[in-house]
Chemist: 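One structure is given below, represented as structure tokens, and several questions about it will come after.
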Protein chains: 2
Amino acid sequence: MHAYEKVRAEMLRRITSQVWPQGMTLPHEEVLADEFGVARGTMRRAMADLTERGLIERKRKAGTKVAARRAHSSTLNIPIVRVEITDSGAQYSYKLLSRVLGGPELDATGRFGRSKLLHVRSIHLADGRPYQLEDRLISLDAVPQADAQDFNEISPNEWLVEKVPYSAVRTILRAESADEMQAKHLKLGHGDPVFVIERQTQLDDLPVTLVKMTHPAASFSIATQTSQFR
Amino acid sequence: MHAYEKVRAEMLRRITSQVWPQGMTLPHEEVLADEFGVARGTMRRAMADLTERGLIERKRKAGTKVAARRAHSSTLNIPIVRVEITDSGAQYSYKLLSRVLGGPELDATGRFGRSKLLHVRSIHLADGRPYQLEDRLISLDAVPQADAQDFNEISPNEWLVEKVPYSAVRTILRAESADEMQAKHLKLGHGDPVFVIERQTQLDDLPVTLVKMTHPAASFSIATQTSQFR
DNA sequence: AAGTGGTCTAGACCACCGC
DNA sequence: CGGTGGTCTAGACCACTTG
């Protein structure tokens with residue numbers, strides 16, 4: 001165990017055991033570095049980790065305080081759907097439903113400006129059962145190569161993640177009841193609950209793709225695990 | 001803009017523009033530090049950021065490679081429900097539904113061992129409309145003080161987040177259709193979709209609390225925004 | 001204005017792990 | 001074994017922010 005890990009662990013202990021209660025101002029970096037017998041740089045490394053996890057808050061001149069807990073945060077990981085399925089041990093398959101070149105009329109949200117769009121709908125199956133319905137708009141301004149891709153063999157999800165760089169991602173998670181089309185392709189009853197992930201990807205303010213991924217609620221959930229520095 | 005930010009930005013540019021394509025092995029730290037005219041430590045700071053975001057992968061002896069994109073990851077932030085509501089500009093209110101001291105029969109999952117449990121059900125409202133149904137088990141082994149708290153004025157959510165330390169959190173997100181009790185308290189029709197967040201908190205292998213938070217799907221979603229280093 | 005955290009450097013040494 | 005990334009130090013200087 002490295003020095004910064006020992007320091008971090010001891011600081012964490014003092015915080016969770018409330019030896020350092022919420023809101024308390026900690027001694028200065030240098031004082032603590034001295035107490036733990038490490039260099040200031042090592043001390044800072046430990047404190048940087050704690051800052052990142054939201055356990056302490058640091059401000060110049062004001063000092064370092066034990067943070068007030070106001071939220072739980074964790075890392076959400078959404079893998080390529082093929083990987084997600086094969087990792088679970090199931091057989092992956094994919095089917096293209098439609099591929100339509102379109103104009104602004106598809107752009108319900110207006111987020112793509114005047115770009116020509118490719119509208120691709122497809123379905124991902126696990127052991128032959130519907131797993132995810134993928135409904136995607138691709139900006140041909142941002143991704144002209146998509147025009148030459150028929151998406152019969154490779155899904156837009158996988159193709160884009162591998163080929164196209166992005167600089168920002170916005171993700172929305174929500175529950176819905178299946179509309180007629182969703183119900184049909186996911187083999188659900190009309191009105192059954194579905195879990196929807198919507199994601200918009202940008203490359204420097206240029207919208208790249210907008211995707212709506214719909215899962216049957218009964219067989220889908222997302223888990224995150226946060227353990228404090230193991 | 002600091003030196004490490006400039007270096008990081010330039011490296012990011014080379015990766016997204018595929019000057020450094022996926023899978024490529026980068027020059028050594030020292031060589032790059034030299035090229036960018038910074039100390040090795042500064043170079044490492046930039047590369048550490050890129051590693052953390054999953055853009056490069058580093059291994060001793062093997063070197064540094066541009067990572068293959070296999071997932072989108074982002075940070076999920078779940079605030080205290082009161083804060084969530086007031087931040088949206090709505091009026092927050094809270095009502096305790098039931099508070100039952102119980103034994104193992106409540107422990108459907110067996111995750112709490114033989115601990116005595118407190119079972120608290122409550123509802124959080126935004127502008128008088130049902131926002132979240134909170135159904136919670138609290139381990140009195142881990143949190144004996146909960147026995148003395150009646151939860152009439154303060155919700156278990158807020159009380160626990162503020163008072164009780166934890167070391168690990170497991171979160172599950174999913175969609176469901178409302179059962180009878182959920183529908184009644186959330187003023188939904190039977191079978192309407194709901195968004196469920198389930199969270200279990202531990203303090204060093206000792207289970208602290210297990211909570212199921214249920215939201216009407218129509219008025220709830222979770223958003224995350226990841227921009228690559230602004 | 002001054003105290004605090006933040007950045008940067010130059011260099012030594014460590015430890016994992018692929019060749 | 002040796003090359004790579006990883007840790008640690010000691011010290012200088014910077015810049016934000018609040019009392």
Chemist: Is any side-chain heavy atom of P207(A) closer than 4.5 Å to a side-chain heavy atom of Q200(A)?
Modeler: yes
Chemist: Check this for me: D205(A), atom CG, are more than 12 non-hydrogen atoms of other residues, nucleotides or ligands nearer than 6.0 Å?
Modeler: no
Chemist: On the ring face of F151(B), is R136(B) found with NZ or CZ under 6.0 Å from the centre and within 45° of the axis?
Modeler: no
Chemist: For Q91(B), is the CD atom crowded, meaning more than 12 foreign heavy atoms sit under 6.0 Å from it?
Modeler: no
Chemist: Looking at L117(A), T201(A), L160(A), V164(A), which hits side chain to side chain contact (heavy atoms under 4.5 Å, CB included) with I138(A)?
Modeler: L160(A)
Chemist: Taking all heavy atoms of E134(A) and all of V211(A), pick out the closest pair and write down the distance.
Modeler: CG-CG2, 3.8 Å
Chemist: Walking along DNA chain D from 5' to 3', note the first and the last nucleotide with an atom under 4.0 Å from a heavy atom of chain B, and give both.
Modeler: dG2(D) to dT7(D)
Chemist: Tell me, which of residues 39-50 of chain A have any heavy atom that sits under 4.0 Å from an atom in DNA chain C?
Modeler: R40(A), R44(A)
Chemist: Please report the closest heavy-atom contact between A175(B) and A175(A), naming both atoms and the distance.
Modeler: CB-CB, 3.7 Å
Chemist: Got a sec: does the CG of D150(A) have more than 12 other heavy atoms crowding it under 6.0 Å?
Modeler: yes
Chemist: Nearest heavy atom decides the nucleotide; on that basis, is Y4(A) or E30(B) closer to the 5' end of DNA chain D?
Modeler: E30(B)
Chemist: Which heavy atom of P156(B) sits nearest a heavy atom of Y94(B), and at what distance?
Modeler: CD-OH, 3.5 Å
Chemist: Collect all protein-nucleotide pairs involving nucleotides 14-19 of chain C in which both atoms are nitrogen or oxygen and the distance is under 3.5 Å.
Modeler:
residue : atom : partner : partner atom : Å
dA15(C) : N3   : R60(B)  : NE           : 3.4

Chemist: Less than 6.0 angstrom separating the ring centers of Y131(B) and H124(B), yes or no?
Modeler: no
